[in-house]
Number of protein chains: 2
Amino acid sequence: MTVVAKPMYQQLKDLIIGRISSGELRPADRVPSENELVEAMSVSRMTANRALRELTDEGYVRRIAGRGTFVSDFRAGSHVLEVQNIADEIEQRGHTHTCEVLRQTLQHARGEVAKALHVEQGSDVFHLMLVHYENESPIQLEDRHIVADFAPDCLLQDFSAVTPSAYLTAISPLQEAEQVVRAAQPNAAVRQRLKMADGEPGLVVMRRTWSHGRPVTFARLHHPGSRYELAGHYTPPGTPKSATADVVELEKLQQ
Amino acid sequence: MTVVAKPMYQQLKDLIIGRISSGELRPADRVPSENELVEAMSVSRMTANRALRELTDEGYVRRIAGRGTFVSDFRAGSHVLEVQNIADEIEQRGHTHTCEVLRQTLQHARGEVAKALHVEQGSDVFHLMLVHYENESPIQLEDRHIVADFAPDCLLQDFSAVTPSAYLTAISPLQEAEQVVRAAQPNAAVRQRLKMADGEPGLVVMRRTWSHGRPVTFARLHHPGSRYELAGHYTPPGTPKSATADVVELEKLQQ
DNA sequence: AAGTGGTCTAGACCACCGT
DNA sequence: CGGTGGTCTAGACCACTTT
């Protein structure tokens, strides 16, 4: 534990991030202005400006000259993952998303899941299993575990209306994610749920997501290989977007 | 064309990025110090500081107090793509990478490739086809097209020694990437090259990469589903790394 | 000792937005 | 009009590295 004083602008950032993370400041809420920070915290305006500017760069807040600074509505195709929520993804394609809940239970974490979520064996975790449909066609079987104390009211949610992903990001911004993508032949139960043809390969995404420095959810997402693909776009920070959004073209490039 | 004066700090950034992109400043070269910029460009030190600080955040340069500011050795697991170079990836696993070149030719861009690379039909493009091995086991068939004028000496390269990816990033930092991942049954020729079992699904990555605002290369990467998976880690800028690098654990989480 | 980056201040001017 | 953010200045002090 170093006791060194952190730079003032960093303290200001931490303060505001803390208020956002704790829920004291909610999306679209107004954040103290530069002048307010100057008075309240006894700093110069350049220091307050730097703190708020960096929070903007990091996606925590939006700033509008003449209006003020406001908490970002986290997740909106924003920072962490391109598309975290399959319902949004489907709607962006102009299709309709529906969802069938197969399981919504409280369980004790077994070996692999406990390890992935960094909790003790036997700890409480919620287990969700749902099928997502794009225009009546199943495109994802979501098999998700959630650390229980992160989302205490999980069993009360109607996940056919709000996806687990949307629910979780509403609780607290998911700040870090890790995923592994794999092609595999799913087992018979999964094949049936996803209406996959014999021999059709499956795309499996295993995704673990962090909030406040600890893993809170782990999901296995099974997709039919013929009806789903994963698109990503990577831009180094600071470079706006030179690429026109013609990802669609790429999708047509069959071998 | 807006004739509005860009902010001074942005002009300084553009100036330095230009020198890096053009090759005038190479990795590890020293960048003008704040004081030198103050004198040369007639700005205040805070402005020069902001320009250099943002270039640091964006990964263009490293700064060492007392020493100076230096151009980053681009790509080292850094910003754009987690792992762009399969040889590095294999070596990080402690395995040996070898590579067999199947094709290295100059061609005229046909329909799909021309469209993906934003060049005229019939333009010159290089076509590479290679198989990458991890300890004698084939794990990737790389089918790549490169805009000819981006890499004029492409036919002279020995790609069994330096991967196309390493070669391309050496020419110029690849600044933007777009990829689509898909599970599919590859055709017989691909299956044979990758020594895939009957019915084994394949993982296909189609990746297009930009440099200086234009697409310069387009690759189809075929992998055997049983021997390869794609891992990614996403952190919002500004958040260091709370997650310990235990991606390995995730890989063991079989269904 | 001289140069570097890291931070901070107390002013300033501007464009914009709301009332 | 006053408040907001966006930028910039000309100083300053500090810790650090190199000579």
Side-chain angles (χ1 to χ4, degrees), chain A residues 2-17 19-20 25 27-73 237-240, chain B residues 2-17 19-20 25 27-73 237-240:
Chain A
T2 36
V3 210
V4 191
K6 268 191 280 193
M8 203 54 212
Y9 74 89
Q10 186 62 55
Q11 294 183 43
L12 293 181
K13 287 175 64 178
D14 292 343
L15 182 88
I16 293 167
I17 291 176
R19 287 196 197 162
I20 294 175
L25 287 174
D29 280 359
R30 192 171 161 286
V31 168
S33 73
E34 297 186 359
N35 286 326
E36 288 165 352
L37 286 176
V38 166
E39 298 234 328
M41 306 274 99
S42 303
V43 296
S44 88
R45 207 194 130 203
M46 275 300 278
T47 302
N49 175 271
R50 176 167 177 182
L52 291 176
R53 180 157 39 81
E54 293 194 359
L55 289 177
T56 306
D57 295 339
E58 293 161 19
Y60 287 98
V61 301
R62 277 173 306 135
R63 313 196 73 188
I64 307 173
R67 297 273 320 275
T69 302
F70 306 89
V71 177
S72 298
D73 19 330
T239 310
Chain B
T2 37
V3 210
V4 191
K6 267 191 281 193
M8 203 54 213
Y9 75 89
Q10 187 61 55
Q11 294 183 44
L12 293 181
K13 287 175 63 179
D14 292 343
L15 182 87
I16 293 167
I17 291 176
R19 287 195 196 162
I20 294 175
L25 287 174
D29 280 359
R30 191 171 161 286
V31 168
S33 74
E34 297 186 357
N35 285 327
E36 288 165 352
L37 287 176
V38 166
E39 297 234 330
M41 313 300 312
S42 303
V43 295
S44 87
R45 208 194 129 205
M46 275 300 281
T47 302
N49 175 272
R50 176 167 176 183
L52 291 176
R53 179 158 38 80
E54 293 194 359
L55 288 177
T56 307
D57 294 339
E58 293 160 20
Y60 287 98
V61 301
R62 276 173 306 133
R63 313 196 73 188
I64 307 172
R67 299 271 318 277
T69 302
F70 307 88
V71 178
S72 298
D73 16 331
T239 311

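Keep in mind the model is a prediction, meaning the values are calculated, not measured. Just so it is clear, the values below take in all heavy atoms, side chains as well, and ignore hydrogens, waters and symmetry mates. Chain letters run A, B, ... following the sequence lines, proteins first, then strands; residues in each count from 1.
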Measure the distance from NZ on B:Lys13 to P on D:dC8 and round it to the nearest whole Å.
-> 12 Å
Integer-rounded Å distance: D:dC8 P and B:Lys6 NZ | 12 Å
If only side-chain N and O atoms of A:Arg67 are considered, is one of them under 4.0 Å from the OP1 or OP2 phosphate oxygen of D:dG5?
-> no
Donor-acceptor pair between A:Arg53 and A:Asn49 side chains, under 3.5 angstrom = yes
Want to settle it: does A:Ala65 or B:Ser44 sit nearer the 5' end of DNA chain D, counting the closest nucleotide to each?
-> A:Ala65
Between B:Glu34 and A:Ile64, the residue closer to the 5' end of DNA chain C by nearest nucleotide is B:Glu34
N/O (side chain, B:Asn49) to phosphate O (OP1/OP2, C:dT7) under 4.0 Å | no
Residue A:Met46, side-chain heavy atoms: nucleotide from C:dG11, C:dT7, C:dG5 that is nearest | C:dG11
Is a donor-acceptor pair below 3.5 Å formed from side chain A:Arg45 to base D:dG5, judging by atom type as modelled?
-> yes
Is B:Arg50 near enough to D:dC8 that one of its side-chain N or O atoms lies under 4.0 angstrom from OP1 or OP2?
-> no
Whole-Å distance between D:dC8 C1' and B:Gln10 CD?
-> 15 Å
Nearest-Å distance for atom pair CZ/C1', residues B:Arg63 and D:dA15 | 15 Å
Check the side chains of A:Glu39 and A:Asn35 for a donor-acceptor pair under 3.5 angstrom, ignoring hydrogens and angles.
-> no
Give one of base, sugar-phosphate or nothing for A:Arg62, where a contact means two heavy atoms less than 4.0 Å apart.
-> nothing
Euclidean distance, atom CG of residue A:Leu52 to atom C1' of D:dG6 [Å, nearest integer] | 12 Å
Does the side chain of A:Arg62 pick up a donor-acceptor pair with the side chain of A:Ser72 at under 3.5 Å?
-> no
Out of D:dT7, D:dT9, C:dT4, which has the shortest distance to the side chain of B:Glu36?
-> C:dT4
